[in-house]
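Each remark here refers to the structure printed beneath this line.
Just so you know, ligand 1 is whichever comes first in the structure, and atom 1 is the first atom listed for that ligand. Any value given below was found using the heavy atoms of this structure, including those in side chains, with hydrogens, waters and symmetry copies removed.
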Amino acid sequence: MAKLVRFGVSIDEKLLRKFDVLIRKEDYPNRSEAFRDLIREKLIKKEWNENKEVAGSITLVYDHHKRELLNYLVDVQHSFHHLILSTQHIHLDHNNCLEVVVVQGRPKEIERLVHKLRSVKGVKHSALTMTTIGKDMA
Ligand code: NI
């Protein structure tokens with residue numbers, strides 16, 4: 001395990017109070033863990049901005065009765081197969097499907113895939129969760 005380092009932070013009292021209220025709501029056991037998460041979030045954003053290798057998931061909700069849409073979504077996924085680790089399909093109800101596409105690769109390519117999937121007529125919502133492959137994250 002990496003060495004732990006302690007350091008002091010000067011912060012406006014009001015800002016710290018707001019932070020404490022927020023992290024209590026989010027069940028953080030202490031400020032340190034909440035602070036570490038903030039740093040990780042920043043670092044992950046940087047990985048995505050610098051087109052480093054990253055991981056993520058794309059969630060799609062769409063109308064299952066539109067057959068052409070289904071075929072198209074599969075075609076798009078095949079042309080980006082090098083990015084896709086797995087796809088999970090859930091039948092939400094009689095009409096709606098939810099699909100989670102787990103990806104790993106370069107952010108620019110992942111974003112291209114997201115644009116291809118979300119711009120299709122019949123896709124009701126899409127969301128991209130940006131995360132890290134964890135290699136350089138403590
Ligand atoms: Ni379905």
Side-chain angles (χ1 to χ4, degrees):
M1 203 180 149
K3 196 177 132 200
L4 281 181
V5 179
R6 280 179 185 278
F7 66 101
V9 178
S10 302
I11 187 169
D12 181 274
E13 200 188 335
K14 253 169 85 180
L15 192 61
L16 183 62
R17 231 181 294 134
K18 279 189 174 181
F19 186 64
D20 283 340
V21 169
L22 181 78
I23 67 176
R24 213 174 304 125
K25 267 193 200 152
E26 294 183 2
D27 287 332
Y28 280 103
N30 51 55
R31 284 179 187 152
S32 292
E33 193 49 42
F35 200 64
R36 281 191 284 270
D37 267 0
L38 283 180
I39 293 172
R40 289 184 198 112
E41 233 169 81
K42 271 270 189 199
L43 290 171
I44 289 168
K45 217 179 230 180
K46 191 167 172 277
E47 286 182 353
W48 277 77
N49 285 335
E50 291 179 351
N51 208 32
K52 299 262 170 69
E53 195 184 2
V54 294
S57 61
I58 306 160
T59 307
L60 303 166
V61 175
Y62 59 86
D63 185 342
H64 136 96
H65 293 297
K66 297 194 169 140
R67 295 286 157 188
E68 271 169 43
L69 163 69
L70 262 154
N71 284 337
Y72 182 77
L73 292 178
V74 173
D75 284 350
V76 170
Q77 290 188 44
H78 273 273
S79 40
F80 285 84
H81 68 90
H82 56 288
L83 294 179
I84 298 174
L85 299 175
S86 87
T87 302
Q88 187 174 17
H89 184 105
I90 293 114
H91 313 300
L92 286 177
D93 59 28
H94 187 70
N95 302 314
N96 295 292
C97 300
L98 183 147
E99 211 160 281
V100 182
V101 183
V102 179
V103 290
Q104 179 175 352
R106 300 283 167 184
K108 280 185 183 151
E109 271 200 288
I110 293 171
E111 275 156 9
R112 215 176 316 131
L113 170 61
V114 172
H115 294 155
K116 288 253 187 232
L117 295 172
R118 78 160 42 135
S119 57
V120 187
K121 201 177 164 215
V123 173
K124 295 179 178 180
H125 184 242
S126 73
L128 169 65
T129 304
M130 300 179 196
T131 186
T132 175
I133 57 169
K135 241 198 241 162
D136 299 322
M137 207 63 56

Tell me which donor-acceptor pairs under 3.5 Å the side chains of residues 36-44 have, and how far apart each pair is, sequence neighbours excluded?
unit_1: Arg36; atom_1: NE; unit_2: Glu33; atom_2: OE1; d: 3.0
unit_1: Arg36; atom_1: NH2; unit_2: Glu33; atom_2: OE1; d: 2.9
unit_1: Asp37; atom_1: OD1; unit_2: Arg40; atom_2: NH1; d: 2.6
unit_1: Asp37; atom_1: OD2; unit_2: Tyr28; atom_2: OH; d: 2.6
unit_1: Arg40; atom_1: NE; unit_2: Ala138; atom_2: O; d: 2.9

Next item on the list: Please confirm whether the backbone N or O of Lys108 pairs with a side-chain atom of Trp48, one donor and one acceptor, at under 3.5 Å?
Entry: no
Notebook entry, point to check: Is it the case that Gln88 and Glu99 place a side-chain donor and acceptor less than 3.5 Å from each other?
Noted result: no
Notebook entry, point to check: Is the His94-His65 ring centre distance short of 6.0 angstrom?
Noted result: yes
Note to self: Within the supplied structure, the quantity of interest is the number of heavy atoms (other residues, nucleotides, ligands) at a distance under 6.0 Å from Glu50 CD; does it exceed 12?
What the structure shows: yes
Margin query: At less than 2.8 Å, how many protein N/O/S atoms surround the Ni ion (ligand 1)? Leave waters out.
Written below: 3
Check: So, are Arg31 and Asp20 salt-bridged, with charged N and O less than 4.0 Å apart?
Finding: yes
